[in-house]
Amino acid sequence: SSGYTSAVPWSVQQASKDKAKVKAKQQATLKKKGPPVANAKAYDCSGGACIQPLQKANLVMKGPLHQGSVVAMRFDASGSYLATASTDATAHLLKCPVAKNNGDGISVRGHKSMISSLDVNLSLSNPVVATGAFDGMLGVWRPTKRENPYIMKPVDGGKEIKAVRFMHMDALLGVATGSTIQLHRFALDEGGGDLDRKRNESKTEVRGCIQGEGQQVTCFDSFNAILSTLVVYAMRNKRLVVYDIAAERELRAYEDAHDRGIHSIEMHTSTRYAEPSSDSLHTFVTAGMDKCVRMWDVRTDQPVRVFSSHN
């Protein structure tokens, strides 16, 4: 009974007994008090927006970032910047945390029309920002290195750009314009050094195209953090499509996905601070003019969740 004649060392036996006692004590406490989630603080959605954490940041701001409405926001991959785009034809990289950096940031100007969409690539040090405008101009910037855009060019004859997204681990840049989503390859020229500082041979070229069956594409999204070939896009007729670029075909289509037009789609966004589960990569959310947000799973025919608390 002493344990000295056992094949298992006495010290190991004692450690196992101590672990069993601790586990039994924890289970007894849990049974008595209930699961920890029962005592967790619940967020009161009826009390309005919680603004206290933002008050300190707002105090250091010298004024509004933009003179027009903010239409798009994206954090960079490192969480060091918050990129914003506005109808005043400007974009801005706000340094985070805002209070610690006294509201400092970098403004980018070059568009002559209202910016409609914005995205940031996966770079951790010098993020690349893509912007699309209502006059059909596509801009590609690296604000931490150069004030002027690397690329500023019209797309699809100057049609309004509805959305821009980096895709396939930054190998592609998707641009939704008219009834198509153009897939661009791009290259940024950092200049000729001291001998030719003004050199800029940056360029884009269309490598593929997704057709929206004659209906205007209102928004789209794609996984960028992994080599995914899936694209989800919505059309003006409220049709929602899951498309495979490699197979060049629709995998799933949802007719009348919302009661009114769809203006936003968001797929899973990877972060250096979390590891996504495989199940989460099958899901995406949409928002429409019907005041609803719907969560979808590409493996099902119907939305898995509907959030309709907006007034």
Side-chain angles (χ1 to χ4, degrees), residues 61-78 80-96 98 101 103-123 125-167 170-178 180-193 196-207 217 219-220 224:
M61 300 296 293
K62 301 175 179 63
L65 285 180
H66 298 281
Q67 300 304 313
S69 300
V70 176
V71 295
M73 295 190 299
R74 291 276 175 178
F75 282 102
D76 76 318
S78 67
S80 301
Y81 293 96
L82 173 63
T84 61
S86 171
T87 56
D88 64 4
T90 67
H92 193 86
L93 253 66
L94 185 65
K95 290 182 180 180
C96 299
V98 176
N101 290 284
D104 291 339
I106 307 170
S107 292
V108 292
R109 292 176 172 85
H111 284 287
K112 296 180 180 180
S113 177
M114 296 184 294
I115 298 177
S116 56
S117 182
L118 168 145
D119 199 18
V120 184
N121 80 338
L122 298 174
S123 173
S125 54
N126 294 294
V128 177
V129 178
T131 53
F134 282 88
D135 62 358
M137 296 296 289
L138 171 67
V140 181
W141 323 66
R142 186 171 271 156
T144 56
K145 282 199 169 186
R146 183 182 294 178
E147 185 177 283
N148 297 320
Y150 284 72
I151 297 169
M152 182 65 70
K153 61 179 290 188
V155 175
D156 197 17
K159 294 180 182 178
E160 176 187 346
I161 295 176
K162 285 291 189 179
V164 292
R165 289 289 184 270
F166 288 101
M167 304 167 59
D170 295 339
L172 296 171
L173 178 59
V175 182
T177 172
T180 64
I181 301 173
Q182 294 184 355
L183 307 177
H184 292 249
R185 289 295 297 267
F186 64 97
L188 304 185
D189 181 15
E190 297 295 347
D196 190 2
R197 292 182 178 275
K198 294 183 179 180
R199 190 190 77 190
N200 183 12
E201 298 178 358
S202 304
K203 61 182 180 180
T204 67
E205 58 181 7
V206 179
R207 289 298 185 90
V217 176
C219 53
F220 80 98
N224 186 35

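If you're wondering where the values come from, they're calculated on a predicted model, not measured in any experiment.
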To the nearest 0.5 Å, tell me how far Thr84 OG1 sits from Phe75 CZ. 11.0 Å
Close side-chain approach of Leu172 to Arg185, heavy-atom, < 4.5 Å: yes
With Asp88 as reference, evaluate Met114, Arg109, His66 under the side chain to side chain contact (heavy atoms under 4.5 Å, CB included) test and give the passing residue. His66
How far apart are the closest heavy atoms of Pro143 and Pro127, and which atoms are they? CD-O, 3.7 Å
Pairwise side-chain contact, Leu82 with Cys96, heavy-atom cut-off 4.5 Å (strictly under): yes
Residue pair Arg165 / Asp119: nearest heavy atoms and the distance that separates them: CA-OD2, 3.3 Å
Work out which heavy atom in Ser117 is nearest to a heavy atom in Ala163; give both atom names and the distance. OG-CA, 3.3 Å
Would a distance-only check, ignoring hydrogens and angles, find a side-chain to backbone donor-acceptor pair under 3.5 Å from Ser69 to Thr87? no
Got a donor-acceptor contact below 3.5 angstrom from the Ser202 side chain to the Asp189 backbone? yes
Could you pull out the closest heavy-atom pair between Ile115 and Ala85, with the gap in Å? CG2-CB, 3.6 Å
Would you indicate whether the side-chain heavy atoms of Glu201 and Lys203 approach each other to under 4.5 Å? no
For residues 129-141, tabulate all N or O donor-acceptor pairs below 3.5 Å that involve a side-chain atom, not counting sequence neighbours.
{"unit_1": "Thr131", "atom_1": "OG1", "unit_2": "His111", "atom_2": "NE2", "d": "2.7"}
{"unit_1": "Thr131", "atom_1": "OG1", "unit_2": "Trp141", "atom_2": "NE1", "d": "2.9"}
{"unit_1": "Asp135", "atom_1": "OD1", "unit_2": "Met137", "atom_2": "N", "d": "3.2"}

Minimum-distance pair of heavy atoms, taken over all atoms of Ala91 and Leu118: CB-CD1, 4.2 Å
Among all residues two or more places apart in sequence or in another chain, which pass the ring-ring contact (aromatic ring centres under 6.0 Å, His included) test with Phe166? Phe186
Output for pair (Tyr81 OH, Ile106 CD1), nearest 0.5 Å, gives 4.5 Å
Salt bridge flag under 4.0 Å for residues Lys162 and Glu160: yes
Do the non-hydrogen side-chain atoms of His184 and Val175 ever get within less than 4.5 Å of each other? yes
For residues 150-159, tabulate all N or O donor-acceptor pairs below 3.5 Å that involve a side-chain atom, not counting sequence neighbours.
{"unit_1": "Tyr150", "atom_1": "OH", "unit_2": "Glu190", "atom_2": "OE1", "d": "2.8"}
{"unit_1": "Lys153", "atom_1": "NZ", "unit_2": "Thr204", "atom_2": "O", "d": "3.4"}
{"unit_1": "Lys153", "atom_1": "NZ", "unit_2": "Thr204", "atom_2": "OG1", "d": "3.0"}

Are Ser123 and Asn121 close enough that a side-chain donor and a side-chain acceptor fall under 3.5 Å? no
Nearest heavy-atom pair of Asn224 and Met167: which atoms, and what distance? OD1-C, 3.1 Å
